[in-house]
Amino acid sequence: MFYIVMTALFALAIYVLMYTLDPYAPDYQDRLSSPGVMVWPDTYEDEKVVIAYNASNKKSWMKMVNSIRTLIQPYNDTLQEHYNPHNCTAEKYFLQNSFNGPNHTKWACAFYQSTLGDCSGIDDPTFGYTTSQPCVIIKMNRIIGFLPNNGTGLAPRLICTVLEGSENVNGFEYHPYNGTYDLSYYPYYGKLAQPTYVNPLVAVKFNLIRQKTAQIECRVVAENIAYENYYDPFEGKVLFNLTSMS
């Protein structure tokens with residue numbers, strides 16, 4: 001009888017726990033109040049990112065190209081039209097109170113590869129790595145329910161700064177041109193609710209000259225995105241060294 005009672009209590013506790021859990025979102029995510037930021041090519045070395053390549057050496061730059069290709073493969077325009085056909089409203093939060101998508105899901109907005117312009121790989125499949133004008137792609141990590149700028153309607157924007165070697169960078173350009181992550185991709189409702197969701201991206205094309213090396217910091221600017229966390233150097237920003245050899 002003792003073991004029967006203990007088993008019943010244990011089963012009851014598990015049942016109550018599972019009954020109170022939300023399958024679409026974690027109950028506790030207080031440590032994820034501000035998103036991390038990542039860069040591609042993802043050549044991470046401990047807590048540093050070193051993007052170094054030789055434009056004359058195919059083996060050297062193909063490593064960078066393959067990294068970016070792997071990232072943007074799901075963003076193919078045709079795939080996005082198929083999986084995310086919903087007509088989203090740009091520059092506006094996509095709030096959804098019900099599951100109106102296919103198979104009891106929520107809709108997700110398409111992000112097209114062609115949005116990345118010169119860094120899309122459509123016209124230049126090498127993303128500039130056969131020259132001194134390489135592209136990098138910056139992505140924010142997902143946080144369920146996160147609203148950039150606390151729901152005020154201001155889109156988060158990427159700002160890149162040359163920390164060292166500014167004389168070696170003859171400008172850079174953002175794609176999309178304004179460097180913003182459109183509000184229609186927020187909030188994110190989780191993988192179960194939005195199985196076809198893809199993160200918005202911002203690409204940056206650099207023009208390297210002279211020594212062709214620089215240290216870059218790219219930061220996502222929004223009221224509720226921190227970037228000075230000593231214990232997490234990738235929260236809100238990413239720092240990388242960019243070097244082109246020939």
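The first residue in the sequence is number 1, and the count goes up from there. Quick caveat, the model's predicted, so the values are computed rather than measured.
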Participant: So which atom in Gly117 and which in His175 form the shortest heavy-atom distance, rounded to 0.1 Å?
Facilitator: CA-ND1, 4.0 Å
Participant: Evaluate side chain to side chain contact (heavy atoms under 4.5 Å, CB included) for Lys139 paired with Asn199, printing each intermediate quantity in order.
Facilitator: CA-CA 7 Å; Lys139 183 186 81 169; Asn199 297 59; 3.7 Å; yes
Participant: Answer yes or no: is there a donor N or O on one side and an acceptor on the other, between the side chain of Ser34 and the main chain of Ala226, under 3.5 Å?
Facilitator: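 Pair found, side chain donor or acceptor close to backbone of Ala226.
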Participant: Could you give the distance from CG (Leu147) to CG (Leu154), rounded to the nearest 0.5 Å?
Facilitator: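 If I round to the nearest 0.5 Å, the distance is 12.5 Å.
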Participant: Would a hydrophobic clustering, with Ile, Leu, Val, Met, Phe, Trp and Tyr connected at side-chain separations under 4.5 Å, put Tyr177 with Leu158?
Facilitator: no
Participant: Take Ile68 and Thr70, measure what side chain to side chain contact (heavy atoms under 4.5 Å, CB included) needs, and give me the verdict at the end.
Facilitator: CA-CA 5 Å; Ile68 297 179; Thr70 301; over 6 Å; no
Participant: Gln80 and His82: side-chain donor and acceptor closer than 3.5 Å?
Facilitator: no
Participant: Within a 6.0 Å radius of atom CD on Gln73, are there more than 12 heavy atoms belonging to other residues, nucleotides or ligands?
Facilitator: no
Participant: If you take all heavy atoms of Ser244 and Thr131, which pair is closest and at what distance?
Facilitator: OG-O, 3.9 Å
Participant: Residues two or more places apart in sequence or in another chain: which of them pass side-chain hydrogen bond (donor to acceptor under 3.5 Å, both in side chains) with Ser184?
Facilitator: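 Ser184 satisfies side-chain hydrogen bond (donor to acceptor under 3.5 Å, both in side chains) with Asp182 once adjacent residues are dropped.
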Participant: Do Ser67 and Trp40 come close enough that some side-chain heavy atom pair is under 4.5 Å?
Facilitator: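 They are in contact (side-chain heavy atoms under 4.5 Å apart), so the answer is yes.
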Participant: For Asn168 and Thr213, does a side-chain donor sit closer than 3.5 Å to a side-chain acceptor?
Facilitator: no
Participant: Could you pull out all donor-acceptor pairs under 3.5 Å where a side-chain atom in residues 201-210 meets a protein atom, sequence neighbours excluded?
Facilitator:
residue: Lys205; atom: NZ; partner: Gln133; partner atom: O; Å: 3.0

Participant: Side chains of Ile159 and Cys218: closer than 4.5 Å at any heavy-atom pair?
Facilitator: no
Participant: Nearest 0.5 Å please: distance from the CZ atom of Phe172 over to the SG atom of Cys160.
Facilitator: 5.5 Å
Participant: Any non-hydrogen side-chain atom of Phe240 less than 4.5 Å from a side-chain atom of Gln215?
Facilitator: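 Heavy-atom side-chain distance check fails, nothing below 4.5 Å.
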Participant: Taking all atoms of both residues into account, what is the closest heavy-atom pair of Thr105 and Ala193, and its distance?
Facilitator: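 Residues Thr105 and Ala193, closest heavy atoms: CB-O, 3.3 Å.
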Participant: Is there a donor-acceptor pair closer than 3.5 Å between any side-chain N or O of Glu235 and the backbone N or O of Gly36?
Facilitator: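 No; judged by distance alone, with no hydrogens or angles, the pair does not exist.
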Participant: For the residue pair Arg219 and Val37, establish whether any side-chain heavy-atom pair is separated by less than 4.5 Å.
Facilitator: no
Participant: For the backbone of Val162 and the side chain of Ser166, can you confirm whether one donor and one acceptor N or O come within less than 3.5 Å of each other?
Facilitator: no
Participant: So does Asn149 get a backbone contact from the side chain of Asn224, meaning a donor-acceptor N/O pair under 3.5 Å?
Facilitator: yes
Participant: Answer yes if Phe94 and Val198 sit in the same cluster of Ile, Leu, Val, Met, Phe, Trp and Tyr residues linked by side chain heavy atoms under 4.5 Å apart, and no otherwise.
Facilitator: no
Participant: If you define the side chain from C-beta out and look only at heavy atoms, does anything of Thr161 sit under 4.5 Å from Ile216?
Facilitator: no
Participant: Are any non-hydrogen side-chain atoms of Pro41 and Val49 less than 4.5 angstrom apart?
Facilitator: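 In short, these two side chains do not touch, never coming nearer than 4.5 Å.
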Participant: Please assess Arg157 against Asn178 for the test side-chain hydrogen bond (donor to acceptor under 3.5 Å, both in side chains), listing each intermediate value before the final yes or no.
Facilitator: CA-CA 8 Å; Arg157 185 163 61 97; Asn178 52 5; over 6 Å; no
Participant: With a 4.5 Å cut-off on side-chain heavy atoms, are Tyr129 and Met62 touching?
Facilitator: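 No - every pair of side-chain heavy atoms lies 4.5 Å or more apart.
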Participant: Is there a donor-acceptor pair under 3.5 Å between the side chain of Arg142 and the backbone N or O of Pro35?
Facilitator: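 Not a single qualifying donor-acceptor pair exists.
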Participant: Going by the angle between their ring planes, with limits at 30° and 60°, are Phe111 and Tyr75 parallel, tilted or perpendicular?
Facilitator: perpendicular
Participant: Just wondering, more than 12 heavy atoms not from Glu91 lying within 6.0 Å of its CD?
Facilitator: no
Participant: Please report the closest heavy-atom contact between Tyr227 and Lys237, naming both atoms and the distance.
Facilitator: O-NZ, 2.8 Å
Participant: Side chain of Asn54, backbone of Ser60: donor and acceptor closer than 3.5 Å?
Facilitator: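 A pair under 3.5 Å: no.
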Participant: Quick one: do Ile122 and Tyr174 end up in the same hydrophobic cluster if we chain Ile, Leu, Val, Met, Phe, Trp and Tyr together by side-chain heavy atoms under 4.5 Å apart?
Facilitator: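 No; tracing contacts between hydrophobic side chains, which count when under 4.5 Å, never links both residues.
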Participant: Given the ring of Tyr189, does Lys106 sit roughly above its face, with NZ or CZ under 6.0 Å from the centre of the six-membered ring and within 45° of the axis?
Facilitator: yes
Participant: Does a donor on one side chain sit under 3.5 Å from an acceptor on the other, for Thr152 and Asn150?
Facilitator: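 Short answer, no.
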Participant: Do Leu242 and Pro134 make a side-chain contact, defined as non-hydrogen atoms from C-beta onward lying under 4.5 Å apart?
Facilitator: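 The answer is yes; the side chains approach within 4.5 Å.
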Participant: Hey, mind stepping through Tyr186 and Tyr181 against side chain to side chain contact (heavy atoms under 4.5 Å, CB included) and telling me if it holds?
Facilitator: CA-CA 9 Å; Tyr186 304 97; Tyr181 299 87; 3.8 Å; yes
Participant: More than 12 heavy atoms of other residues, nucleotides or ligands under 6.0 Å from OH of Tyr83: yes or no?
Facilitator: no
Participant: Should Glu81 and Tyr112 be marked as a side chain to side chain contact (heavy atoms under 4.5 Å, CB included) after you check the CA-CA gap, both sets of side-chain angles, and the distance that decides it?
Facilitator: CA-CA 8 Å; Glu81 287 177 359; Tyr112 298 109; 3.6 Å; yes
Participant: Does Tyr93 belong to the same Ile/Leu/Val/Met/Phe/Trp/Tyr cluster as Val220, with side-chain heavy atoms less than 4.5 Å apart forming each link?
Facilitator: yes
Participant: In Å, rounded to the nearest 0.5 Å, how long is the span from CD1 of Ile72 to OG1 of Thr115?
Facilitator: 11.0 Å
Participant: With hydrophobic residues grouped by side-chain heavy-atom distances under 4.5 Å, do Met140 and Leu239 end up in a single group?
Facilitator: no
Participant: In sequence, state the C-alpha distance, the side-chain angles, and the governing distance for Tyr53 and Thr243, and then conclude on side-chain hydrogen bond (donor to acceptor under 3.5 Å, both in side chains).
Facilitator: CA-CA 7 Å; Tyr53 68 98; Thr243 301; over 6 Å; no
Participant: Can you name the closest pair of heavy atoms from Val39 and Ile138 and give their distance?
Facilitator: CG2-CD1, 3.5 Å
Participant: Would you call the rings of Tyr185 and Tyr197 parallel, tilted or perpendicular, taking 30° and 60° as the class edges?
Facilitator: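 Answer is perpendicular, since the angle exceeds 60°.
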Participant: Tell me if a side-chain donor or acceptor on Thr196 pairs with a main-chain N or O of Asn84 at a distance below 3.5 Å.
Facilitator: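 No.
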Participant: Where is the tightest heavy-atom contact between Ala214 and Val169, given as atom of each residue plus distance?
Facilitator: CB-CG2, 3.6 Å
